[in-house]
Every structure is written in C-alpha cells, then in structure tokens.
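Below, read A as the first sequence line, B as the second, and so on, with proteins coming before strands; counting in each chain starts at 1.
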There are 2 protein chains.
Amino acid sequence: MTEHGEDVEGMAMERTPRGTGRRLHGSIAHKIGVAIVSGTYAPGDILSSEVDFSEALDVSRGAYREAIRALAAKGLVESRPKAGTRVLPRARWNLLDPDVLTWAFAGEPDAQFVRNLFELRAVVEPAAAGFAAERRDREDLRVLKEALAQMRRHSLATEAGRIADRDFHDAILRATRNDAMMVLAASIGAAVSWTTQYKQRARALPRNPIPDHARVYEAIAAGDAAGASAAMRVLVDLALQDTASAMGAPV
Amino acid sequence: MTEHGEDVEGMAMERTPRGTGRRLHGSIAHKIGVAIVSGTYAPGDILSSEVDFSEALDVSRGAYREAIRALAAKGLVESRPKAGTRVLPRARWNLLDPDVLTWAFAGEPDAQFVRNLFELRAVVEPAAAGFAAERRDREDLRVLKEALAQMRRHSLATEAGRIADRDFHDAILRATRNDAMMVLAASIGAAVSWTTQYKQRARALPRNPIPDHARVYEAIAAGDAAGASAAMRVLVDLALQDTASAMGAPV
DNA sequence: TGACAATTTTGGTCCGACTATAAGCCGCAT
DNA sequence: ATGCGGCTTATAGTCGGACCAAAATTGTCA
C-alpha cells in the first residue's frame with residue numbers, strides 16, 4: 001500500500017513476508033471483508049471459484065478458505081458446493097461484530113449507517129447508565145472518577161483523552177453487570193470512536209464534553225437511575241449532533 | 001456413543017458421512033463452540049496442539065483449522081504461533097452472534113445469562129416499537145396484521161404459531177428502518193425463542209399473548225410511538241415473567 | 001552468572017489429489 | 001408443451017504430508 005505503487009487488481013497480497021503483522025488469512029479476510037462491506041461485491045454476487053480467486057490473490061487455497069470461513073462466521077458470505085461462495089444479503093451480516101464494524105469504517109463510512117448506529121447507541125447507553133446507577137459498587141465509582149479526571153487532564157484531541165473517554169464508558173458498562181449489554185455497547189462504542197476522527201478532521205470541537213460526562217457520573221454516584229439515564233441521553237444526543245455536522249449530513 | 005464403544009474423548013466425529021448435514025468443519029466448530037460456551041474449556045485454557053486435537057477428532061488438520069478460524073471470528077479463541085490456541089475471556093466473546101447464542105442454548109442455558117438477554121431485549125424492543133410507529137408504511141402494517149392474524153389462528157404451542165410470533169417481531173424491526181437494530185434484535189429474538197421451549201416444557205402457558213401483541217399493533221398503526229413503546233415494554237416484561245417462572249429462577 | 005545460541009514445539013502456509021454435493025442440463029413420459 | 005427424474009459436471013469440501021516461521025525452552029559459553 002505504500003510505495004509499491006502497483007497492486008494492479010487492488011487485491012494482490014504482499015508477497016514479502018516482511019512486516020505482514022497480521023496472519024495471511026487474516027489480511028485476506030480483511031481485504032475481502034472491506035470489499036464486501038463497501039459494496040465492491042454486492043449481496044447476491046458470487047465470488048470467483050476458490051482456485052481462481054486464491055491464485056489471483058497469489059495465496060494458497062488453504063489460506064483463502066480459512067479467510068472465507070472467517071467471513072462466513074460473520075455472516076458476510078455463504079459457501080455451498082457447486083453453487084460457489086455468495087455474498088449474503090445485508091440483513092444477515094453481523095453488523096455489530098467488531099471486525100465488520102472496523103471494515104465498515106475502513107473506507108468512507110456510510111452516513112445513514114452512522115446515524116443508525118447512533119440511534120442504537122441512544123437507546124442502549126442511557127439504559128446502561130440507568131442500570132449502572134443501580135448496581136455500581138465502590139470500585140466502579142473509583143474507576144469512573146479516575147477516567148473523568150483523566151478526561152479533564154487531557155483533551156479529546158489527544159490519544160490519552162480518547163482512551164480516558166473510552167474507559168469512562170467501559171466502566172459504566174461493567175457496572176451494569178450485564179454481559180450482553182457490555183459486549184454490544186463495546187462494539188457500538190468502538191464504532192462511534194471511529195467517527196471521532198471525523199469530528200477532529202472537521203475541526204468541529206466546539207463543545208466541552210466534560211460537563212456532560214460529569215453529570216452522568218454524579219447521577220450514577222447518587223444512585224439516581226433516571227437521572228443517569230437522562231444525562232447519558234443528553235450526552236449521546238450532543239455527540240450525534242457534533243458528528244452529524246462534522247460529516248456534513250443533516251440529522 | 002452407541003455400540004462403537006470407543007470415542008474415549010467424547011469428542012470424536014462421526015466417521016460415517018451419512019446424515020452429516022452440516023459440513024465437517026461446521027460440526028467441529030459447533031462441538032468446540034458448545035464446549036467453550038458451556039465451560040468445558042475455561043477462558044485462558046490452551047487447546048491441545050492442532051495435530052493432537054485434529055487427530056483426536058479424527059479429522060484432517062485443515063478441517064480443524066477452518067473450524068478454529070470460525071471460532072476465532074466469533075471471539076471465542078485466539079491462535080498465535082508457538083503460543084497455541086487459547087480460549088479468550090468471556091468479555092471478548094461475541095455473545096450476540098447467532099451461532100454463539102445457539103451454542104449457549106445447546107445445553108442448559110445459564111439463568112443469569114437469560115436474564116441479561118431479557119434485560120437487553122427490554123431495552124431495545126420497546127425503542128424499536130417506538131421507531132416503528134413513526135416510520136412504518138402501509139406494507140409494514142399489512143405484514144404486521146397478517147402475522148397477528150396467524151397468531152390468533154395458531155397457538156404458540158404450535159410451530160406455525162411461533163413462526164407467526166417471529167414474523168410479528170421481525171416486521172416491527174424492519175419498520176424501524178435501522179439495520180443495526182434489526183440485526184441485534186433478530187439475534188436476541190432468536191435466543192428468546194429458544195427459551196419458549198422451556199416455557200412449553202414447564203407447561204406454564206397461562207397467558208394469552210394475543211392481547212399484548214394486539215395493543216402493540218394498534219399503537220404502531222396509530223403512529224403512537226410512546227404508546228407502542230409502552231405496550232412493547234409490557235409484552236416483554238410479561239414474557240420475562242413467564243420464562244423466569246418456567247425456569248424456576250427468581251426474577 | 002548472565003547473555004547468547006541451538007533446539008524444539010506449534011501454528012502458518014503451501015501443494016496436489018481425491019471426494020461429495022448439488023446446480024443445471026437432458027431426456028423421458030405424461 | 002410440460003413436468004418430473006436421472007445424469008453430468010463444476011465447485012466446494014476433505015485429506016495428508018511437507019516445509020516455513022516464530023517463540024518458548026534449554027543449553028552453552030564467555
């Protein structure tokens with residue numbers, strides 16, 4: 001992707017084992033995954049036969065198959081003897097899967113999809129904050145407070161600031177004592193954090209997020225479920241507005 | 001398991017290609033997946049080496065590796081050279097993945113987990129109903145009405161009845177016009193439907209679900225978001241109560 | 001004794017052959 | 001013509017065996 005300049009098909013793998021980082025099958029899955037999510041291969045399309053595609057990628061058939069297995073596990077494709085490997089309809093994709101989310105945000109994210117994600121977040125996170133207010137223990141509050149302090153110290157423009165922000169939300173999720181909710185909101189949160197880059201890019205950083213977060217913290221500390229929920233709803237709504245304006249799309 | 005007498009490890013694959021149905025790597029993934037989710041292999045555990053495990057299962061190393069790829073794609077395990085394949089901490093599992101859910105409900109489902117699922121459902125579905133009330137079109141209402149009619153015709157004890165119930169909820173999700181919410185609620189709904197079996201098993205069928213569903217339909221048809229949301233909340237709460245009592249666990 | 005090097009274990013990749021499945025075609029009978 | 005059933009054949013599925021690469025362990029030497 002750097003100075004080689006070639007990669008004619010746009011899909012050729014690095015032949016040099018140097019600096020692969022990921023395993024080979026992993027990068028294959030990544031490439032094809034991005035291609036599918038970004039629409040290069042539309043739902044219903046049939047991928048080239050295993051032999052053709054794998055040698056087009058210049059990898060062994062085994063590695064290619066393992067990549068396809070991963071994609072199939074995420075609901076992106078389905079392979080059947082004689083029929084080939086077909087891209088499944090979007091409704092079957094595990095859109096909440098962390099990897100799929102990563103692939104979706106690898107290119108220019110679809111504005112509509114981002115809106116949907118925020119909508120879901122606006123449903124889940126306030127509820128999570130409410131549960132957290134009811135179930136948090138002393139340790140949860142300590143972590144929450146520490147994250148808040150870190151957010152005050154560093155701006156959201158810095159890496160440390162974003163990590164603190166993430167810690168804050170993660171701590172709330174842990175406090176819900178609900179695994180399912182944790183997994184879900186963690187995925188959404190990750191996706192949402194990608195959009196933060198767009199906010200930064202647009203230099204649209206007019207709002208100081210600290211007060212919003214502080215209000216959430218106070219309500220959780222006070223054990224005020226309704227208050228925590230409401231405060232979180234405000235926080236998410238504001239984040240959505242920022243993102244929407246930064247992406248140049250109407251809310 | 002029958003007269004073969006052997007199968008020492010309790011994990012040996014059927015050697016007879018007869019009635020496999022699933023592909024081989026699929027059944028391997030299923031077996032190991034269930035074993036992990038049910039706690040046979042605890043987080044942090046290292047699976048036997050590829051050669052050992054694959055020949056213990058009496059399958060080729062390739063098939064085994066493909067199965068592991070699928071599990072890795074769902075966040076259940078992680079493989080690293082020399083380090084082996086290790087079961088990841090529960091927090092990394094894609095608990096909302098349809099397959100993982102299936103595996104989780106393959107054995108006796110964990111009561112706590114079911115409660116968490118219902119809690120999440122209680123958050124998402126009412127919100128979805130609200131959005132549906134705002135965005136549904138004539139076609140959505142038609143499908144919804146038809147599903148409701150089918151539910152009246154067949155009891156929930158029948159397969160047709162359960163399908164109708166599922167159609168009803170799916171139609172609501174489609175009406176939200178939110179892909180992310182659709183995928184999520186579909187997963188949860190599938191999981192919840194497993195629990196229906198437990199309700200049946202316990203013969204705890206005291207409640208007639210039609211009125212609850214009808215109220216949701218009426219509110220959506222009327223475009224009453226708040227009403228639809230409230231009606232759905234009631235519906236989910238009642239379902240939770242039924243399930244909880246059927247599972248013999250306190251709410 | 002501590003740093004370095006050889007060893008060995010284990011996953012990663014490749015190859016080539018064979019098998020099993022089902023889509024699509026062809027022909028038969030209606 | 002039409003619908004059904006068997007046959008063909010392309011394609012994914014499975015296998016086994018070989019070699020590569022990385023990392024944990026062990027052993028060795030300064």
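Whole-Å rounding puts the A/I68 CD1 to C/dT13 P distance at 15 Å. Atom CD of A/E66 is separated from atom C1' of D/dA12 by 15 Å (rounded to the nearest Å). The separation between B/Y64 atom OH and C/dG11 atom P is 7 Å, rounded to whole Å. To the nearest angstrom, C1' of C/dA20 lies 17 Å from CZ of B/R22. Rounded to whole Å, atom P of C/dT9 lies 16 Å from atom CD of B/E50. Atom C1' of nucleotide D/dT14 and atom CG of B/L57 are separated by 14 Å, given to the nearest angstrom. D/dT11 atom P lies 15 Å from atom CZ of A/R65, rounded to whole Å. Protein atom CZ of A/R23 is 17 Å distant from nucleotide atom P of C/dT10, rounded to whole Å.
Within 6.0 Å of CZ in A/R92 there are 12 or fewer heavy atoms belonging to other residues, nucleotides or ligands.
Under 4.0 Å is where a charged nitrogen must lie from a carboxylate oxygen, and between A/R135 and B/E119 at least one such pair does. Ionic pairing of B/K74 and A/D99 is not present here: no N-O contact between side-chain nitrogen and carboxylate oxygen is shorter than 4.0 angstrom. Between A/E139 and A/R142, at least one side-chain nitrogen of the basic residue sits less than 4.0 Å from a carboxylate oxygen of the acidic one, meeting the salt-bridge criterion. A salt bridge does not link A/D110 to A/R115: none of the charged side-chain nitrogens sits closer than 4.0 Å to a carboxylate oxygen.
The listed nucleotides are C/dC14, D/dA12, D/dC15; the one nearest the side chain of B/L24 is D/dC15.
Pairs engaging residues 61-86 of chain B under the ring pair (Phe, Tyr, Trp, His ring centres under 6.0 Å) rule: B/F53-B/Y64 [sequence neighbours left out]. Within the structure, the salt bridge (charged side-chain N to carboxylate O under 4.0 Å, His left out) test picks out no pair touching residues 145-156 of chain B (sequence neighbours left out).
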Return a table of donor-acceptor pairs under 3.5 angstrom between the side chains of residues 179-189 of chain B and protein atoms on other chains or two or more places apart.
| unit_1 | atom_1 | unit_2 | atom_2 | d |
| --- | --- | --- | --- | --- |
| B/D179 | OD2 | A/R90 | NE | 2.6 |
| B/D179 | OD2 | A/R90 | NH2 | 3.4 |
| B/S187 | OG | B/L96 | O | 3.1 |
| B/S187 | OG | B/V183 | O | 3.2 |

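The terminal axes of the helix from C/dT1-D/dA30 to C/dT30-D/dA1, fitted over 5 pairs per end, subtend an angle of 10° to the nearest 10°.
For A/R61 against C/dG16, no side-chain N or O and base N or O form a donor-acceptor pair under 3.5 Å.
Annotation: proximity of residues 73-82 of chain A to DNA chain C (heavy atom, distance under 4.0 Å) is found for A/R80, A/P81, A/K82, numbered in ascending order.
In this structure, A/G84 reaches the sugar-phosphate backbone alone: every heavy-atom distance under 4.0 Å involves primed, P, OP1 or OP2 atoms, never a base. Using a 4.0 Å heavy-atom cutoff across all strands shown, A/R69 reaches sugar-phosphate atoms only and no base atom.
For A/R166, the side chain to side chain contact (heavy atoms under 4.5 Å, CB included) criterion is met by A/D170, A/A190, A/S193, not counting sequence neighbours.
Using a 4.0 Å cut-off, no side-chain N or O of A/S60 falls inside it from OP1 or OP2 of C/dT13.
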